[in-house]
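Lettering follows sequence order; numbering is per chain, from 1.
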Protein chains: 2
Amino acid sequence: MAQLLTPVVQETTPALIARQLRRAIGQGELAPGEQLNEAELSRHLGVSRGPLREAMQRLTQEGLLVSIRNRGVFVIEVTDDDVRDMYLARAAVERAAAARVIQLDAKDGGKQLLEVTKRMRKAANDDDADALTETDVEFHALLVALAKSPRLSRMHNTLMVETRMCITALETRYASHFVRADEHHEIAAAIRDGNAEEADRLLVAHMDDAVARLMEAPEEASTAEPA
Amino acid sequence: MAQLLTPVVQETTPALIARQLRRAIGQGELAPGEQLNEAELSRHLGVSRGPLREAMQRLTQEGLLVSIRNRGVFVIEVTDDDVRDMYLARAAVERAAAARVIQLDAKDGGKQLLEVTKRMRKAANDDDADALTETDVEFHALLVALAKSPRLSRMHNTLMVETRMCITALETRYASHFVRADEHHEIAAAIRDGNAEEADRLLVAHMDDAVARLMEAPEEASTAEPA
DNA sequence: GATGGGCCGATTGTCAACAATCATAACACG
DNA sequence: CGTGTTATGATTGTTGACAATCGGCCCATC
C-alpha cells in the first residue's frame, strides 16, 4: 500500500477551540479590546470553562489575547506601533520563507504561487474585495507553507490572524485591486525565476506598502495616551 | 514624577508555571520525549491540575510540548530536521533584529552587545563552558531585545529554549572557546559600525556553524525511521 | 508459540461547585 | 464638592471528584 495512510492525530479539544477563537478574531466577531466572558463563551461552544480556559491560554501565548489577573482576557488592541511590529515580524518570516522556497524548488513553488495570483486577478476583475483579501492571505500562507518549516509556519499563522484582524477592523482597501494583484504576481514570478534578490526586494516593498496603507486608515486605537 | 512608574502587571498563574516549565526544559530537567505527569507535576508545583494544564497548553502552542489526546503531553524530541528548522527560524528572527538594531541605534546597541562579548571572553579564559553558554544565550536574547519588537522577542524566546535544550541534550561544544567568543564579538562590532551587510553575513555564518556543530554531535533522536 | 480477548491500574478529559477578587454604585462624612 | 467607606453583583481562579480512555498483563484458544 502506498503511504496514503497518514498517522491519525486526534486533535485535542483546546486546540479545536483555539482555532475557532482565532477565526472569530480574524473575522472581527471578537472585536479588538473586547472581553471574553468565560461562562457565556463556554455555553456558546458547548464545553465547560475548563477546556475554554486552556484554549484562551494558547491565544494568550500567541499574543492574540491579553490576560489581566482577576479581571479576564481581552482581544488585543492594535496600535500603530503594533501594526509596524506585525509587518516587521511578517517580513522576517516571509523573507526567510521565500529564500527557502527558492532554495528548495523555485520553479514548482513559483508555479503554485502564480496559480493563486490568477485567482487574485479574477477577484480583482469581479471587484470582489473579500475574495481578494482571501486570496491575498492564501498567497502569503502558501509562501510560508512551501518553505516546509514548522516553526516559520506556526509563527506566521499567528501573524496572519492579526493581519486579518487589522484588515477587518480598519477596512483597509488598496487604491486599485489590480495593483494589489500585480504586486503578488511579481513576487511569485521572481520566485519562479529563482531570483532571490528581486523576490526579497519586492517582499520588503510589499510589506512597507501594507504598513503605509494601514497607517493612513482611520485609527481605532491610539498609539499613545493623551497628555 | 518621572515615568519610573511601570504599570503594575500581576502575572497570571499559568504564565508563572509556564516559565518554570520552559526553564526545566531548557536545562534538561525535563528530558526530550519525557511525559509530563499532571498529578505528580502539580504536586511538585503546589498547584492543582487546572492551572498546570493551562500552562502546558501554552508550551504546546509554542511547540515545546506535544500533546497526544488521552495519552498526555511530552517534551518534544528534536530530530536533525528540527535542528535545521530551529536555526532557520532563528536566522530569520535575528537577521531582522540586527537590521532593526542598526536602524534604531547601531552605536548604542553595538556597545551593549560588546559588553556581553567581554563577559564571554572572560568565561573563555576561565574555561567555564557553562558561563560561556549562558552569555551566548544572553547575547542573542539581547540582540533581539534591542530591536524592541514584542513579536520577534516572543518568537525568539521560544526558539532559545529549544536551543538551550539542544545544547544541553547534545552536550555540544565549540572546538575552541575563543572562536565562539570571537564570532559574537565580530557580529557586535559590525552592528556597532552600522555595517548591516557584514552583520547579516556574519549572523548567517554563525547559524550555519551552529547547525554543523549540532549535527556532528551524537544523535539522540533519529531523523527518519529505518526502512 | 503466536494470536486474540478481556480485565485492571493509571492517567487524562471534563465538569460543577466553591473561594477570591474586582468594578460599580450608593452613601456618609469632612 | 470631593473623599473615603461599604455593600453588592458579577466574573475569574482554583479545587476535587467523576467519567472516559489507554497501555499492559494475563490467559484461553488454535
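Surrounding CZ of B:R19 are at most 12 heavy atoms belonging to other residues, nucleotides or ligands under 6.0 Å away.
Between B:M160 and B:R90, the closest side-chain pair of non-hydrogen atoms falls below 4.5 Å.
One finds no salt bridge joining B:R100 and B:E94 here, because no Lys/Arg side-chain nitrogen approaches an Asp/Glu carboxylate oxygen to under 4.0 Å.
Using cut-offs of 30° and 60° for the angle between ring planes, the A:H184 and A:H140 rings count as perpendicular.
Using modelled atom types, no side-chain atom of A:R151 and backbone atom of B:A89 make a donor-acceptor pair closer than 3.5 Å. A donor-acceptor pair is defined here as one N or O able to donate and one able to accept, closer than 3.5 Å; no such pair exists between the side chain of B:T117 and the backbone of B:M120.
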For each nucleotide in nucleotides 7-19 of chain D, reading 5' to 3', give B when a protein heavy atom comes within less than 4.0 Å of its base, S when such contact involves only the sugar-phosphate, and - otherwise. ----SBBBB-B--
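Qualifying salt bridge (charged side-chain N to carboxylate O under 4.0 Å, His left out) partners for B:E183, counting only residues two or more places apart in sequence or in other chains: none.
Think of the region where chain A sits on DNA chain C: with heavy atoms and a 4.0 Å cut, that region ends 5' and 3' at C:dT14 to C:dA23.
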